[in-house]
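Okay, structure first, notes after.
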Amino acid sequence: MAVTTPITTSPRSTGPAFGATVLGTPRVGPDRELKRATESYWAGAIDRTELERVAARLRSDMWAGLRAAGIDAIPVNTFSFYDQMLDTAALLGALPGRVAHIADDLDRYFAAARGTAQVAPLEMTKWFDTNYHYLVPEIAPHTAFRLDATSVLDDLDQALREGIAARPVLIGPVTFLALSKGVDGLSDPLTRLDDLVPLYRELLTHLHAAGAQWVQFDEPILVTDVSDETLDRAARLYRSLSEQQVRPSLLVATYFGDTGGALDRIAGAGVEAIAVDLVSGGLDAVTGSDALGDTLVVAGVVDGRNVWRTDLDRALARLEAVRAVAGSVAVSTSCSLLHVPYSLAAETGIDATLSSWLAFGDEKVAEVVTLATAVRDGAESIGAALSDSRAAAGQRSADPRVRNDTVRATVEAERRHRTRSTPATRRRVVQQQELGLPLLPTTTIGSYPQTTAIRVARADLRAGRIDGDEYTARMRAEIAEVVRLQEKLGLDVLVHGEPERNDMVQYFAEQLDGFFASERGWVQSYGTRCVRPPILYGDVARPDAMTVDWFRYAQSLSAKPVKGMLTGPVTILAWSFVRDDLPLADTADQVALAIRQETVDLEAAGARIVQVDEPALRELLPLRASERPRYLDWAVGAFQLATSGVADTTQIHTHLCYSEFGDVIGAIVDLDADVTSIEAARSHMEVLDDLESVGFDLGVGPGVYDIHSPRVPSVEEIVDSLGEALAVVPAERLWVNPDCGLKTRGTDEVVASLTNLVAAAKQVRAELS
Ligand SMILES: CN1c2c(nc(N)[nH]c2=O)NC[C@@H]1CNc1ccc(C(=O)N[C@@H](CCC(=O)N[C@@H](CCC(=O)N[C@@H](CCC(=O)O)C(=O)O)C(=O)O)C(=O)O)cc1
Ligand SMILES: N[C@@H](CCS)C(=O)O
Ligand SMILES: [Zn+2]
């Protein structure tokens, strides 16, 4: 791969021009080395020195790889031991006061991330519309911001010692505060933006003195519907930073959407460079701007969050359009590569044809460099790469695995089946006759602890140490154990525990046509937890039933109803790498049809209740309000298509979690699920008020305790939660369940918590009768 030299005219300030960069990198390690080292550190198996050695090595390898590939401006400080928002809170002296007593800075940091027996962790929530979760900093009126730049400066120092053209990356102050939570009476953390200015100015001074020539401020908040007031504040802030005499050049990075009017405001504030995401949109904002004549535009033409090979012709056309209006242009990924796996080279089970359609992290880096070469030397200089790109695109669109006319015809024929014929209130009556459940029925969300024994069985199967029969026997033993436990605890509606699922999306993707499930394509979801998003490349069909045998076995062990347990179409899409050659709404209907077939098969196998989980319903909600109604329309439609194939007597449950539901409350009603279990413990049941206020009159199970914490809730606490719920929801519609599945918890905590949950339900039932 040709190494690029600077290709552009110099921007205003001192930083050297560059032609090829990425906005950020994965950090967990190609083989999840950081995950293993961090978890070993937590377990006391390695010390801090060893953990830091692993971290330094990962950084060093990443930078060396980027440099060798031809990237001429390398982002640093994109490493994190847990999360970049938490790092920023630490940088600004804004860790919560409740961890201040912990002397060791790393342990203090981990305490804020994970909590300890004494202190609660920070809340965690979705990073924009991705499957990455960040920790939500808490900002009070009196939070005394104080700069602690040790970590950034150490990172920079390591990079410069290794001869890296390093560009430190920081979360921009506007995004940092906009995503923080106001506490102790502070309603809007952004009102404290001016208080951060001196710290960021001081930081620029330190970074400049240490040798940084560029600094990147990540401001993805600017692609959302921010108010004019926020834009004014942002422009003032960057004006104030750019007016500083001695400093590195400033790059403000926007990504995940269209910058709209924010682009001109930030360019006009005097920063030297702006990064724009030209994959999710944004070209019109750039070409329509007359404020970029002196600005280096870092053009994100290589998709940083999906895995398709870049169409080089299309990317070059975009780069040309940018070059026509910008002072200069550099080629980049659309966002950090945090959201894609490290390298296609690690995948051994993928066929060469499919592989030729894809680009993971390493391959995207190579694409950036190729495009930068074309910008510098002309398109003819990358003739071979252009031919390859065109050949792969042609081959992909003609491949028979991509298009399945039977699937398309069936979806077309079934598409109108989106409603259950009988209204929910009448269904409730027949379902109650069928199920005969007590008032306030108790249940769980589906998964029980994924024990080491379960994971080892799966690893043994993969490695050929055991065969399929032995694996089935081990999973059945787990199911039997979980059913026995639930009978003993006295739960009313049982689950099989999901031991056979490596992941609630990947498990289904592995069995559906149209998906490729990677072996090593790990992507960080939060902290040390990773997922392997499947790649959805073709029309989706269900060759065989996916869950029926496990259900049938579980139901054979108990007279109580066992829930059939499925993942819904929206969540399957949200946690996969989706097609870029078919509208998401169409793919959603294909997945929905497969799930519909499964619900019908489960019903035929004796399931009286089928749960279709949609924890990611909120996650895919577009960042711009104007695009939301269209999304909600197809998302709700897909759920309805998936769930309306069963008889009135079959009760459909759904489960929602990981989000604030305010923006999707109407959609939850429209799902028309007979029972909705929903995360509520951390928000003190507020979601129930929201639901009832829009006329929700279906069954609801607000989570009565938070499964994200190891804490065992007392009977009294759960009774109190149920009291809060009963103030809003009539007893006939109220269910009792935890917030979410129990897969990440230990068995002892689960037994103790569910014992209390059942006792609390019984106590409240007795009070009601
Ligand atoms: C509910 N959540 C989910 C999201 N996205 C998903 N796709 N799935 C989800 O469930 N997004 C929102 C949240 C995020 N929450 C979590 C929670 C927990 C995890 C998690 O625990 N991840 C595991 C990996 C899970 C998995 O795939 N397990 C495999 C085994 C994988 C493995 O490590 N194998 C080893 C060999 C065996 C061994 O030694 O254990 C190997 O390959 O080296 C399985 O069970 O078969 C994690 O470890 O991070 C993720 C998101
Ligand atoms: N049924 C799944 C839902 C998680 S959101 C579980 O229990 O893990
Ligand atoms: Zn959940």
Side-chain angles (χ1 to χ4, degrees), residues 28-36 38-39 124-127 129-134 339 346 443-463 465 471 474-475 478 482 495-510 517-534 547 563-568 570-577 610-620 653-659 661 676-682 701 703 706-708 737-745 750:
V28 72
D31 204 21
R32 291 180 296 156
E33 293 86 345
L34 184 63
K35 170 194 174 67
R36 293 180 216 287
T38 309
E39 290 176 357
M124 195 167 65
T125 196
K126 295 273 177 189
W127 178 244
D129 55 353
T130 74
N131 193 7
Y132 177 78
H133 307 65
Y134 70 91
H339 309 288
T443 190
T444 56
I445 303 304
S447 59
Y448 273 69
Q450 280 267 335
T451 58
T452 307
I454 293 172
R455 295 233 157 108
V456 165
R458 215 160 9 252
D460 283 350
L461 177 69
R462 269 200 308 274
R465 290 188 288 271
Y471 179 71
R474 291 198 199 172
M475 292 302 115
E478 295 289 340
V482 164
V495 295
H496 78 287
E498 306 178 25
E500 78 288 5
R501 299 187 189 179
N502 43 14
D503 174 87
M504 61 183 285
V505 164
Q506 189 173 6
Y507 175 78
F508 290 96
E510 281 170 0
S518 78
E519 287 167 45
R520 307 270 305 275
W522 293 102
V523 175
Q524 197 176 359
S525 183
Y526 69 87
T528 61
R529 301 283 183 172
C530 299
V531 292
R532 276 174 294 175
T547 62
K563 294 191 267 192
M565 189 61 63
L566 304 173
T567 303
V570 179
T571 299
I572 289 183
L573 293 192
W575 295 349
S576 298
F577 292 118
V610 179
Q611 179 172 311
V612 179
D613 293 326
E614 283 293 21
L617 180 71
R618 169 68 180 76
E619 176 179 319
L620 280 194
H653 288 213
T654 191
H655 163 70
L656 306 168
C657 58
Y658 297 107
S659 39
F661 300 103
T676 300
S677 64
I678 191 159
E679 180 174 319
R682 280 182 295 185
D706 175 13
I707 63 89
H708 301 96
N737 47 257
D739 251 354
C740 187
L742 305 166
K743 62 189 163 204
T744 56
R745 300 266 61 95
V750 164

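Atoms within each ligand, like the ligands themselves, are counted from 1 in listed order.
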*Looking only at heavy atoms, is any part of Ser447 under 4.0 Å from ligand 2, and if so is it the side chain, the backbone, or both, or is it neither?*
both
*What is the closest protein heavy atom to atom 2 (C) of ligand 2, and at what distance does it sit?*
Asp613 OD2, 3.4 Å
_Angle subtended at the Zn ion (ligand 3) by Cys740 SG and His655 NE2, rounded to 10 degrees_ = 120°
*Could you tell me whether Arg501 approaches ligand 1 through its side chain, its backbone, both or neither, with non-hydrogen atoms closer than 4.0 Å?*
neither
_Does ligand 1 come near enough to Asn131 that some N or O of the ligand is less than 3.5 Å from an N or O of the residue?_
yes
*Hey, is atom 39 (O) of ligand 1 under 4.0 Å from any protein heavy atom?*
no
*Has the side chain of Thr567 got a donor or acceptor atom that lies under 3.5 Å from a matching backbone atom of Met504?*
yes
*Does any N or O in the side chain of Thr744 come within less than 3.5 Å of the main-chain N or O of His708, such that one atom is a donor and the other an acceptor?*
no
*Which residue holds the protein heavy atom closest to atom 4 (C) of ligand 2, what is that atom called, and what is the gap in Å?*
Met504 SD, 3.5 Å
*N/O of Thr744 under 3.5 Å from N/O of ligand 1, yes or no?*
no
*asked:* Among all protein heavy atoms in this structure, tell me which lies nearest to atom 28 (N) of ligand 1, with the distance rounded to 0.1 Å.
replied: Arg455 NE, 3.5 Å
*Number the atoms of ligand 1 from 1 as they appear, then name those within less than 4.0 Å of a heavy atom of Arg458, with their elements.*
44 (C), 45 (O), 46 (O)
*Record the part of Trp522 in heavy-atom contact with ligand 1 below 4.0 Å; permitted values are side chain, backbone, both and neither.*
side chain
*Does Lys126 approach ligand 1 within less than 4.0 angstrom via side chain, backbone, both or neither, non-hydrogen atoms only?*
side chain
_Quick one, Glu478 with Arg474, criterion salt bridge (charged side-chain N to carboxylate O under 4.0 Å, His left out). Give me CA distance, side-chain angles, the key distance, then yes/no._
CA-CA 6 Å; Glu478 295 289 340; Arg474 291 198 199 172; over 6 Å; no
